[in-house]
Amino acid sequence: MDGNNDPLGDLSTNFWKWEFRCPCQKCRRIKVRVSSLLLFKLEMVRMTFNDKPVIVLSGNRCEEENKRVGGFPSSKHIPNPDGEASDIRIKGVKPIDIGLAAEKIGGLRIGIAKTYCHLDVKSPSPSKFWIYIGNKIIYSGSIENESLLKFYKIVMGEK
Ligand SMILES: [Zn+2]
Ligand SMILES: [Zn+2]
């Protein structure tokens, strides 16, 4: 037995509660709650990139923290009861490439920022993709929901 499939993290094989904890002072002792579906998808993203570590920049956020970072009011980062969103980055991988991998995995809404990729497991309503440009966010419509790459090219071309 080589034990390669043994869970290491305390949330899933490769993810730990501390990575998803709301960074504010008030939440220090609050339970970290992350959707197991999201964790499963994040493990799949990690596998796509040959098990390169997925760095979680933002997981759970309380309402105050979400406001502080300028998050969407009903953000999936806010546990209800579980957090269903994460902002991630993988060293040496462009956010758009993380997004395209996530699109292939399916069942994810995808936000592309300059330095990270937002993933959440909420169903598209109506947008499935969005792109952060400076402090603006451009959302996909139902037609653009069919291809992240197409949408990305349209948005980046228009800039
Ligand atoms: Zn907090
Ligand atoms: Zn996010």
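Sequence positions, counted from 1, serve as the residue numbers for this chain. Every number for a ligand or one of its atoms is a count from 1 in the order of the listing. Hydrogens, waters and symmetry mates are skipped; everything else that's a heavy atom, side chains included, is used.
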ask   = Which of parallel (below 30°), tilted (30 to 60°) and perpendicular (above 60°) describes H118 and H77?
value = perpendicular
message = Check for me: within less than 2.8 Å of the Zn ion (ligand 1), which protein N/O/S atoms show up?
response = C22 SG, C24 SG, C27 SG, C62 SG
note = Scanning both residues in full, the closest heavy-atom pair of V34 with L11 reads CG2-CD1, 3.9 Å
Heavy-atom closest contact (I55 atom, K91 atom, distance) = CD1-N, 4.4 Å
query = Quick one: are E43 and N14 in side-chain contact, heavy atoms under 4.5 Å?
reply = yes
query = F20 vs F15 aromatic rings, parallel, tilted or perpendicular, using cut-offs 30° and 60°?
reply = perpendicular
message = Any carboxylate oxygen within less than 4.0 angstrom of a Lys/Arg side-chain nitrogen, looking at R68 and E65?
response = yes
ask   = Taking the side chain as C-beta and beyond, is there a heavy-atom pair between F49 and V54 under 4.5 Å?
value = no
task = Specify the closest pair of heavy atoms between L148 and E103, including all atoms of both residues, with the distance to one decimal.
result = N-OE2, 3.0 Å
key: Non-hydrogen side-chain atoms of Y152 and F129 separated by less than 4.5 Å   = no
query = What protein N/O/S atoms lie closer than 2.8 Å to the Zn ion (ligand 2)?
reply = H77 NE2, D87 OD1, H118 ND1
